Undergrad: 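A single structure is presented below for examination.
These numbers were taken from a predicted model, which means no experiment stands behind them. In what follows, chains are A, B, ... by sequence order, proteins preceding strands, each numbered from 1.
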Number of protein chains: 2
Amino acid sequence: MSLKHALLGLLAEGPASGYELTKRFELSLANVWSAKHSQIYPELRKMAAEGWLVAGEEGSRGRKEYVITDDGRAELRRWLVEVRPERAGRNESMLRVFFLWTLDPAEAVAYLEREAAAAHAYVERLTALDALVAWDESGADFMGRLALEEGLLIAQVQAEWAEWAAEQIRSGRDATTLTGRRRRPPTKRQR
Amino acid sequence: MSLKHALLGLLAEGPASGYELTKRFELSLANVWSAKHSQIYPELRKMAAEGWLVAGEEGSRGRKEYVITDDGRAELRRWLVEVRPERAGRNESMLRVFFLWTLDPAEAVAYLEREAAAAHAYVERLTALDALVAWDESGADFMGRLALEEGLLIAQVQAEWAEWAAEQIRSGRDATTLTGRRRRPPTKRQR
DNA sequence: GTAAACATGTAACAAGTTACATGATTGT
DNA sequence: ACAATCATGTAACTTGTTACATGTTTAC
């Protein structure tokens, strides 16, 4: 249900073609939502049929540009202020943690260390992105920076948590089973 | 694709019925994965057909218990150690942030404050859960506590971030042109 | 007896992915 | 001329949700 609203949100910045919107999902939105062109193109037509968009002239190479309508803006606003966000997300990485006990401790540690490395790599990707993007003073870019900051914070705690968890397993095991006492994870981050 | 493996992971702890597995998704796993009984029952039959599970005797009220097989355990292990986790998740709350610039600053602040409140409430739910659960010294409970800590840390930074972001908007209102530029003309995108 | 919880299932639909398929324009 | 990129689309399939449908056991 969110795809429609993600598209409305992107089109609120300005008219765009399905191709451009697909790129936006791959680039700026990749971390929070994803959609393939095969889903986007039919969706745009449905949204136009609902009156949320209008299709402009066909450009070169068959390019079709969509423009958000007032109804579309109203629907975006309604979604943002009235519809309660669906907070129960799926997180495969976190799901796996529940089942790490079925592995040998060394394998579980290896898994967590890969997770920590992935989180660190993600922090670096976001940091590079922040430096790369020519942020302007628009509201969209202002919010983009806030969102980037959120992603950065979460990736940082994930890395710290994974390292801490690996250490818990390393120090809290006997020969073959994962049993042991609990320690608090790091609670302070520094930026 | 992860549903099969989530079910394998739960059944690795011991035999269970579809009904019990449904409850496990609602309770302990709700935060990281979800599945309804209408998806679970057919899935269990497919998994049994693949040889990952065997269906035991029918109990009272038509209860059907499934037991994981060695093939099932091998598949769970293969998934954990060999299959690269899908890290690109969907996060509706974070998606919305990208579009907050379309709202009035006061509405955006209200949204973020609701997010902060939700994150705080979630921290409390997890803390209560931690106190409530009769953790034993099993590997599954050891990992359950690690996973809970991860959820707690992430919820805490989300709350902190949302409060910080709300403050950014409140104080940056005049400086950052969040107002007045909401309907800026289409500019070049694509980087 | 009756409500709640236990217990399983199917059908219709919506959302999302992968694979197939085509053609135009730009840069080298 | 060739490759890369732009640009759109459809078909088949998988995954996930909502709604419908049914019967049993336990506790009050």
Undergrad: When you check the side-chain N and O atoms of D71(B) and T69(B), is any donor under 3.5 Å from an acceptor?
TA: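 Not at all, the side chains of D71(B) and T69(B) share no donor-acceptor pair under 3.5 Å.
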Undergrad: Could you tell me whether the phosphate oxygens of dG9(D), OP1 or OP2, come under 4.0 Å of any side-chain nitrogen or oxygen in Y41(A)?
TA: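 Checking dG9(D) against Y41(A), no side-chain N or O comes under 4.0 Å of OP1 or OP2.
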Undergrad: Taking 4.0 Å as the cut-off, does a side-chain nitrogen or oxygen of S17(A) come that near to OP1 or OP2 on dT8(D)?
TA: yes
Undergrad: Can you measure L27(B) atom CG to dA5(C) atom P for me and round it to whole angstrom units?
TA: 13 Å
Undergrad: For S34(A) and for G18(B), find the nucleotide of DNA chain C with the closest heavy atom, then tell me which residue's nucleotide is more 5'.
TA: G18(B)
Undergrad: Need one value for S38(B): base, sugar-phosphate or nothing, where a base atom within 4.0 Å counts as base even if backbone is also close, heavy atoms only.
TA: base
Undergrad: Would you say dA7(C) has OP1 or OP2 under 4.0 Å from some side-chain N or O of K64(B)?
TA: no
Undergrad: Does atom CD (E26(B)) have a neighbourhood of more than 12 heavy atoms from anything else shown, all under 6.0 Å?
TA: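 Counting neighbours around CD of E26(B), more than 12 heavy atoms of other residues, nucleotides or ligands fall under 6.0 Å, so yes.
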Undergrad: Treating D104(A) as the side-chain partner and A106(A) as the backbone partner, does any N or O pair qualify as donor plus acceptor under 3.5 Å?
TA: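 Such a contact is absent between D104(A) side chain and A106(A) backbone.
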Undergrad: I need the CD-P distance between E65(A) and dT8(D), as an integer number of Å.
TA: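 So the CD-P distance, E65(A) to dT8(D), works out to 10 Å.
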Undergrad: When the distance from CD of E92(A) to C1' of dG16(D) is rounded to whole Å, what number comes out?
TA: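 These atoms are roughly 16 Å apart.
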Undergrad: For the pair made of CG in L21(B) and P in dA7(C), what is the distance, rounded to whole Å?
TA: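 My rounded result for the distance is 12 Å.
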Undergrad: Please report, rounded to the nearest Å, how far the C1' atom of dA5(C) is from the NE2 atom of H37(B).
TA: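 Distance, rounded to whole Å: 14 Å.
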Undergrad: Please check the phosphate of dT17(D) (OP1 and OP2 only) for any side-chain N or O of R90(A) closer than 4.0 Å.
TA: yes
Undergrad: Rounded to whole Å, how long is the line connecting atom CZ of R63(A) with atom C1' of dT5(D)?
TA: 14 Å
Undergrad: Ignoring hydrogens, what is the shortest heavy-atom contact between P85(B) and E92(A)? Give both atom names and the distance.
TA: CA-OE2, 3.4 Å
Undergrad: Determine: side-chain N/O of Y19(B) to OP1/OP2 of dC6(C), distance under 4.0 Å, yes or no.
TA: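 Answer yes for this pair, as a side-chain N or O of Y19(B) is under 4.0 Å from OP1 or OP2.
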Undergrad: For DNA chain C, whose closest nucleotide is more 5', that of W33(A) or that of G62(B)?
TA: G62(B)
Undergrad: What integer distance in Å separates K36(A):NZ from dA19(C):C1'?
TA: 11 Å
Undergrad: If you compare every side-chain N and O of Q39(A) against the phosphate oxygens of dG16(C) (OP1, OP2), does one of them come in below 4.0 Å?
TA: yes
Undergrad: Please tell me which of the listed nucleotides, dG16(C), dC6(D), dT26(D), lies nearest to the side chain of K23(A)?
TA: dC6(D)
Undergrad: To the nearest Å, how far apart are R61(B) CZ and dT22(D) C1'?
TA: 15 Å
Undergrad: Can you establish whether the number of heavy atoms outside R90(B) located under 6.0 Å from its atom CZ is more than 12?
TA: yes
Undergrad: Would you say R45(B) places a side-chain N or O within less than 4.0 Å of OP1 or OP2 belonging to dT10(C)?
TA: yes
